[in-house]
K.L.:
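Supplied in structure tokens, the structure appears directly below.
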Amino acid sequence: MEKQFKANLQKAHNPKRKYQAQTLIISFSPDEFDTTDLSEQANQALMLVKHYVHQHFADAQSVIAIQADGDGGKLHAHVVFNTVRPNGRTVPTNRFNIYKLRTNFDHEMIANYQRVTGNSWTNPISKQQKRQDIDNIVTRSQWQKSLKKIINQVKNEVDSLREFVHLLGTQGITITERKKGTAWTYHQTINGKEYKVRDFYQRVKKQTGEVISTRGLGQSFTKSNLEQCFAQKQEERTNNEQNEQLAKIKTMAADARARSQRQQQQFKFNQHQLQATKIKEQEQRDGLKTRQTHRRQSQSRRLEELSRQKRRAKIARRLATAKAKSHKTASGPDL
């Protein structure tokens, strides 16, 4: 997988891009897979996820893993997508929109769950179960307090206004727009009775600007405030990613410096070793040259000594011959 991802990255317009993968976790409820027969149900879940990936991400490389671990023990799938396609083009990020992914997988379950498992499928998210605290909500103020709690919980779980509205809708809370889409009214029907409340509204005297009355849930529940909240989340996520990337770059730089220092130390050591070897070789050459010089000098002295000996011997023979002739002349001829 790493080789395939790397091969695709080399074809990309920017082969040094920071991110190359998107991950997706698809979790099944116990009503869909109760894990009584984990092997069979894991294969069934794999078939559904593979078909879903093939339908919507056939142009991207992907890896799927089925698990049933964690505290809840729910069956779920991990999907890793290579966002650089084999042709070098990237997969648009808007294809990984949470709302779109959930909707498309719901369609997958509607179309194929019964065919794969033999059981009919009911969307566990859209089941309208009676709230456990429904009997305690008897006044408008209590309902608004409960609504604020739900909105704050949902706001912490999602990252966009669209996801926020969708997730509220799964809990029976709908939103209508006012003032050309700049203001909201929240609605919820409980036990046949409809409740509604504005996000935030103030009556102000036009002449003085004095606030006459304030209604609604509060400024933190307005559309503009929620948009700012999600924008801040995105900015924090971007900053965290940039900080992580900066930390990686610093680590890589530190590793590079350490590697460079090791290389320099190794180079100095090698140079020292080379210099020591050259000095030793030079000493050996000088020693050999000195010995050869001594040998030549010794041979020269021996040759000179032999030459002197030969001259002395020759002179001695000459003297002996001359002496013999002189002795013969002095004694006269033989009679």
K.L.:
Any side-chain donor paired with an acceptor under 3.5 Å for R237 and Q234?
P.N.:
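A donor-acceptor contact under 3.5 Å links the two side chains.
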
K.L.:
Ignoring hydrogens and geometry beyond distance, is a side-chain donor-acceptor pair present between H78 and T23 at under 3.5 Å?
P.N.:
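No, no side-chain donor-acceptor contact under 3.5 Å.
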
K.L.:
My understanding is that only residues two or more places apart in sequence, or in another chain, count here; which of them pass side chain to side chain donor-acceptor pair (under 3.5 Å) with E235?
P.N.:
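Scan of E235 (side chain to side chain donor-acceptor pair (under 3.5 Å), adjacent residues dropped) gives none.
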
K.L.:
Quick one: ring pair (Phe, Tyr, Trp, His ring centres under 6.0 Å) partners of F57, sequence neighbours excluded?
P.N.:
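By the ring pair (Phe, Tyr, Trp, His ring centres under 6.0 Å) rule, F57 matches F81, F96.
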
K.L.:
Given a cutoff of under 4.5 Å between side-chain heavy atoms of I, L, V, M, F, W and Y, with clusters grown through shared members, what are the other residues clustered with L306?
P.N.:
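Noted: L306 shares its cluster with no other residue.
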
K.L.:
Can you pull out every salt bridge (charged side-chain N to carboxylate O under 4.0 Å, His left out) where at least one residue sits in residues 168-190? Sequence neighbours excluded, please.
P.N.:
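Only E177-K223, R178-D199 qualify under salt bridge (charged side-chain N to carboxylate O under 4.0 Å, His left out).
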
K.L.:
Checking one residue: I315. Which other hydrophobic residues are in its cluster under the side-chain 4.5 Å linking rule?
P.N.:
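I315 shares its hydrophobic cluster with L319.
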
K.L.:
Could you give all pairs that pass the salt bridge (charged side-chain N to carboxylate O under 4.0 Å, His left out) test and reach residues 274-294, with sequence neighbours left out?
P.N.:
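Of all non-adjacent pairs touching residues 274-294, none passes salt bridge (charged side-chain N to carboxylate O under 4.0 Å, His left out).
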
K.L.:
Filter on side chain to side chain donor-acceptor pair (under 3.5 Å), then keep only pairs touching residues 36-59, sequence neighbours left out; what's left?
P.N.:
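Qualifying pairs, neighbours excluded: D34-T36, D34-Q41, E40-Q44, H51-E108, H51-N112, D59-R85, D59-R95.
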
K.L.:
Tell me the closest heavy-atom pair linking S62 and V79, and the distance in Å.
P.N.:
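Residues S62 and V79, closest heavy atoms: CB-CG1, 4.4 Å.
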
K.L.:
Show me the side-chain donor-acceptor pairs of residues 254-268 shorter than 3.5 Å, one per line, residues at least two apart or across chains.
P.N.:
| unit_1 | atom_1 | unit_2 | atom_2 | d |
| --- | --- | --- | --- | --- |
| Q266 | NE2 | N270 | OD1 | 3.1 |

K.L.:
For T214, check side chain to side chain donor-acceptor pair (under 3.5 Å) against everything at least two apart and list the hits.
P.N.:
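Q202.
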
K.L.:
Who passes salt bridge (charged side-chain N to carboxylate O under 4.0 Å, His left out) against K205, sequence neighbours left out?
P.N.:
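Residues passing salt bridge (charged side-chain N to carboxylate O under 4.0 Å, His left out) with K205: E210.
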
K.L.:
Any pair with a residue in residues 307-322 that passes salt bridge (charged side-chain N to carboxylate O under 4.0 Å, His left out), sequence neighbours left out, goes on the list, sorted by first then second residue, please.
P.N.:
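Residue pairs with at least one partner in residues 307-322: E305-R308, E305-R312.
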
K.L.:
For R198, what residues pass the salt bridge (charged side-chain N to carboxylate O under 4.0 Å, His left out) criterion, not counting sequence neighbours?
P.N.:
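Salt bridge (charged side-chain N to carboxylate O under 4.0 Å, His left out) list for R198, sorted by chain: empty.
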
K.L.:
Please check if any side-chain donor atom of Q142 sits under 3.5 Å from a side-chain acceptor atom of T139, or the reverse.
P.N.:
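Per modelled atom types, Q142 and T139 side chains form a pair under 3.5 Å.
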
